[in-house]
There are 2 protein chains.
Amino acid sequence: MMNASKADPTPTANGSLPTQRRTYSIGELARMFEVTPRTIRFYEQEGLLAPERRGQTRIYHEKDRVRLKLTLRGKRLGFSLAEIREVIEMYDAMPDGNARQLKRLLEILADKRNNMERQLEDIRLMQRELDDVEMRAREVLERLDH
Amino acid sequence: MMNASKADPTPTANGSLPTQRRTYSIGELARMFEVTPRTIRFYEQEGLLAPERRGQTRIYHEKDRVRLKLTLRGKRLGFSLAEIREVIEMYDAMPDGNARQLKRLLEILADKRNNMERQLEDIRLMQRELDDVEMRAREVLERLDH
DNA sequence: CAACCACTTTACGTTAACGTCAACGTCGTC
DNA sequence: GACGACGTTGACGTTAACGTAAAGTGGTTG
């Protein structure tokens, strides 16, 4: 778990076209993010994606690519697919969402925020541990090299 | 996943005794960290803990408590139990570890570090997304309230 | 046209990380 | 001495997130 450093393709180096009409096949998308097509289909089955269909074949637009990107980022942060879907669904339902739904969404967001804070702290602490262990390891190595 | 905010009990408010001789039962530890005894036994089975035994019964010392704490923190950061164990084992084997082992440990640590960096970036990005979604949600709410 | 992709659906398999019983031993206490 | 709270070891069950294999469709290329 927790790999991949070449991902996150963001070719925003264009002249900011009004609407990017680029589309992607499932295979393209899979290579882009270093996942398998199976994974992408699974995310669709779980309600995280809803690509267009040309016959049987799936056609992905920018919107879908962004969703996938956010989904994978959420995963790296330890969110379950169900949690991610919940946010995505509420986000989509926002424009015509009723007050209760919106307040619920704000609650969820606050929750996620707490999560982030906690994780930041965890990372800080973990980095200290790593520093510590590394120092000790280097010391022992030093002694071995005489 | 990703809950609990009352955990991390660190009663370091004593007069720094030379060696804290406090011990814990499995139930105490479980309540402390808001996990079940089953979880703690499972971690032992996976080689993450190795408590003393008084007859059949497990007795946990400070060292065990710290390990459990680190383990749970690692989990919140998305590490698998296997990964965590690997680090713990190498850490324990450090004092008499050979050079190859130690270099391997340093590699692993560097890897974890990269992980942390990536996660920090992910968190920053995610926080922006949350900001954005929250803003939009508040706007819609505003309009609903007339 | 055959061969080869890349795509599709269906369905069963797998792994990690526990949950959930059952069946039993050991205290303290009422 | 029965009862409840806590501990123990199996052993089987469960869930999430895919992997994998089988069998078929549709385009293009030598």
Side-chain angles (χ1 to χ4, degrees), chain A residues 1-4 7 23-61 64-65 67-89 115, chain B residues 1-4 7 23-61 64-65 67-89 115:
Chain A
M1 192 193 180
M2 301 275 142
N3 300 323
T23 69
Y24 309 89
S25 77
I26 195 171
E28 286 178 302
L29 228 55
R31 264 163 292 160
M32 272 187 174
F33 292 100
E34 298 188 300
V35 298
T36 69
R38 171 67 174 115
T39 298
I40 297 181
R41 290 196 196 98
F42 181 71
Y43 288 174
E44 177 177 350
Q45 178 183 324
E46 295 299 300
L48 293 167
L49 297 172
E52 187 195 337
R53 294 275 184 151
R54 185 118 52 217
Q56 284 270 78
T57 310
R58 286 166 244 258
I59 312 262
Y60 299 88
H61 296 159
D64 301 306
R65 194 184 61 85
R67 270 206 192 176
L68 180 53
K69 188 174 70 181
L70 293 179
T71 298
L72 293 175
R73 181 181 300 153
K75 277 216 56 188
R76 284 195 302 269
L77 294 179
F79 296 113
S80 73
L81 296 183
E83 292 177 302
I84 296 171
R85 181 188 50 203
E86 195 177 8
V87 172
I88 286 184
E89 277 176 356
N115 229 305
Chain B
M1 191 193 180
M2 303 274 139
N3 298 323
T23 70
Y24 311 88
S25 76
I26 195 171
E28 286 177 300
L29 228 54
R31 263 164 292 160
M32 273 187 174
F33 293 101
E34 298 188 298
V35 299
T36 70
R38 170 70 174 113
T39 298
I40 297 181
R41 291 197 197 98
F42 181 71
Y43 288 174
E44 176 178 351
Q45 180 184 323
E46 295 298 300
L48 293 166
L49 298 171
E52 186 196 338
R53 294 275 185 152
R54 182 120 51 218
Q56 285 273 76
T57 311
R58 294 165 170 83
I59 312 262
Y60 299 87
H61 296 157
D64 301 308
R65 196 185 58 85
R67 270 207 193 175
L68 180 54
K69 189 173 71 180
L70 293 180
T71 298
L72 293 174
R73 182 181 300 153
K75 277 214 56 186
R76 286 195 301 268
L77 294 180
F79 296 114
S80 73
L81 296 184
E83 292 177 304
I84 297 171
R85 181 188 48 201
E86 194 177 11
V87 172
I88 287 185
E89 279 177 356
N115 229 305

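Quick note: numbers below take in every heavy atom, side chains included, and nothing from hydrogens, waters or symmetry partners. Proteins get letters first, then strands, A, B, ... in listed order; numbering begins at 1 in each.
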Please list, in 5' to 3' order, the outermost nucleotides of DNA chain C lying under 4.0 Å from any heavy atom of chain B.
-> C:dA17 to C:dT20

Go through the steps for B:Ile84 and B:Leu70 under the test side-chain contact (heavy atoms from CB on, under 4.5 Å), then give the verdict.
-> CA-CA 9 Å; B:Ile84 297 171; B:Leu70 293 180; over 6 Å; no

How is A:Arg53 classified with respect to the nucleic acid when contacts are heavy atoms under 4.0 Å: base, sugar-phosphate, or nothing?
-> sugar-phosphate

Which residue, B:Thr57, B:Thr23, B:Ile59, B:Asp64, forms the side chain to side chain contact (heavy atoms under 4.5 Å, CB included) with B:Glu52?
-> B:Ile59

Sidechain N-carboxylate O distance under 4.0 Å for A:Glu44, A:Arg53 | yes

Which part of the nucleic acid, if any, lies within contact of B:Arg58, taking any heavy atom under 4.0 Å across all strands shown: a base, the sugar-phosphate backbone alone, or nothing?
-> sugar-phosphate

Where B:Ser25 and B:Tyr60 come nearest, the two heavy atoms and their spacing | C-CD1, 4.0 Å

Using whole Å, report how far CD1 of B:Ile26 lies from P of D:dA5.
-> 18 Å

Just by modelled atom types, is the B:Ile26 backbone N or O under 3.5 Å from a matching donor or acceptor in the B:Arg58 side chain?
-> no

Distance, rounded to the nearest Å, where B:Phe42 contributes CZ and D:dT8 contributes C1' | 18 Å

How long is the line joining CZ of B:Arg41 and C1' of D:dG10, in whole Å?
-> 12 Å

Distance (rounded to the nearest 0.5 Å) between B:Gln45 CD and B:Phe42 CZ = 6.0 Å

Does a distance-only test, which skips hydrogens and angles, find a donor-acceptor pair under 3.5 Å between the side chain of A:Arg38 and the base of D:dT20?
-> yes

B:Ser25 vs D:dC6: side-chain N/O to OP1/OP2 distance below 4.0 Å = no

Could you give the CD1-to-C1' distance, from A:Ile59 to D:dG26, as a whole number of Å?
-> 13 Å

Whole-Å distance separating the OH atom of A:Tyr43 from the C1' atom of D:dG19 = 13 Å

